[in-house]
Amino acid sequence: MSTVYLNGRFQPIEEAKIPVLDRGFIFGDGVYEVVPVYSRVPFRLGEHLERLERSLRETAIRNPHSRAEWEKLVLRIVAEQPFEDQAVYFQVTRGVAKRDHAFPKNAEPTVFMMSNPLVPPSREQVERGGAAVTAVDNRWLRCDIKSISLIGNCLLRQLSAEAGAAETILFRDGRLTEASSSNVFIARRGVIHTPPKNNLVLPGITYDVVLELARANGLPLEIRDVLESEVRSADEIWVSSSSKEVFPIVELDARPVGDGKPGPLFRRMYSLYQDFKQKVMRAGKREPISA
Ligand code: PDD
């Protein structure tokens, strides 16, 4: 029985209950975070909390905790679990109120936190790579907010699930945005390309790590709008997220990407990422990535 946190109490998950009028349940009116934890050390907790604070600000949900209180809660939920590598999930909703689209005057935000084992793709899975399908990005125009209203993402992810694929890669107006639950990179003629952060994509913490590792190690990188046609003719495609780390897409809409195997730039990035994980993330070091 795992221990979760709900509104001030650590308790067994079976006992954690929220009222049916919680606006998270009624409207999907809330925001969330997922923090990867290696050897019980939360990775880039400060950056995740900064993103949470921004999501709360952008949705005008009152932040019920100071940075120090959030850090304490995350460390406690990690300590409560019996596993070393974890994915801490936490969400804040606007709280419980009579159903009305307009914000309630005096609702208390609901805070829920849990932690599950973190199981990134195995080396064998990475060697094999995954398939992806593509779809039109029909989500709203504030994908930079980590909102719990994920029905758009769920519908899009289901397309790839039904095709037996790992991800759904999204295009808006002929340009790459991201995937249903990860950011996307491509490689063409020895250069890594990825779209810039804007309102159409989630600013991924793993995306930042990939950019830092690329820069520190002299891998050619261009951050710019990426055309759908460039993705379809890319030599390599990768996705990144806290749970997938970096993962190669070797088949797009049932056609091979490049030679159908993880490419050389991916291999280099994967090895840099794993190295960084062992030497920095697990050790809980707060050192910047540098050449
Ligand atoms: N998903 N884009 C979307 C739409 C996402 O949902 C995620 C993360 C990312 C990558 O962000 P990060 O590198 O900070 O994990 C990009 C999380 C893991 C989830 O919803 O479970």
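What you see below is based on every heavy atom in this structure, not just the backbone, and it leaves out hydrogens, waters and symmetry mates. Counting starts at 1 for both ligands and their atoms, following the listed order.
At a 4.0 Å cut-off, at least one heavy atom of Arg51 sits close enough to ligand 1 to count as contact. Look at Pro36 and you'll find every heavy atom at least 4.0 Å from all atoms of ligand 1.
Between Glu236 and Arg188, none of the side-chain N atoms (NZ, or NE/NH1/NH2) sits under 4.0 Å from a carboxylate O, so this pair counts as no salt bridge. Using a cut-off of 4.0 Å between Lys/Arg side-chain N and Asp/Glu carboxylate O, Glu228 and Arg232 are scored as salt-bridged.
Aromatic ring centres of Phe185 and His193: separated by at least 6.0 Å.
In this structure a side-chain-to-backbone donor-acceptor pair under 3.5 Å is missing from Arg172 to Thr177. Side-chain atoms of Arg51 come within 3.5 Å of backbone N or O of Pro203 as a donor-acceptor pair.
Remark: ligand 1 atoms within the under-4.0 Å shell around heavy atoms of Glu178 are 2 (N), 3 (C), 4 (C), 16 (C). Shown in contact with Gly204 at under 4.0 Å from a heavy atom are these atoms of ligand 1, numbered in order with element: 11 (O), 12 (P), 13 (O), 14 (O).
Where the criterion is an N or O separation shorter than 3.5 Å, residue side chain and backbone included, Ser242 meets it with respect to ligand 1. For Tyr32, a nitrogen or oxygen atom sits less than 3.5 Å from a nitrogen or oxygen atom of ligand 1, counting backbone and side chain alike. Considering both main-chain and side-chain atoms, His48 never comes within under 3.5 Å of ligand 1 through any nitrogen or oxygen pair. No N or O atom of Ser180 sits closer than 3.5 Å to an N or O atom of ligand 1.
Of all protein heavy atoms, the one lying nearest to atom 21 (O) of ligand 1 is Val34 CG2, 3.8 Å. The single protein non-hydrogen atom nearest to atom 13 (O) of ligand 1 is Thr206 OG1, 2.6 Å, given as residue, atom name and distance.
For Glu80, the side-chain hydrogen bond (donor to acceptor under 3.5 Å, both in side chains) test picks out Arg76, with sequence neighbours left out.
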For a side chain to side chain donor-acceptor pair (under 3.5 Å) check, start with the C-alpha distance between Gln278 and Gln274, then their side-chain angles and the critical distance, and finish with the verdict.
CA-CA 6 Å; Gln278 290 309 326; Gln274 295 308 313; 5.4 Å; no
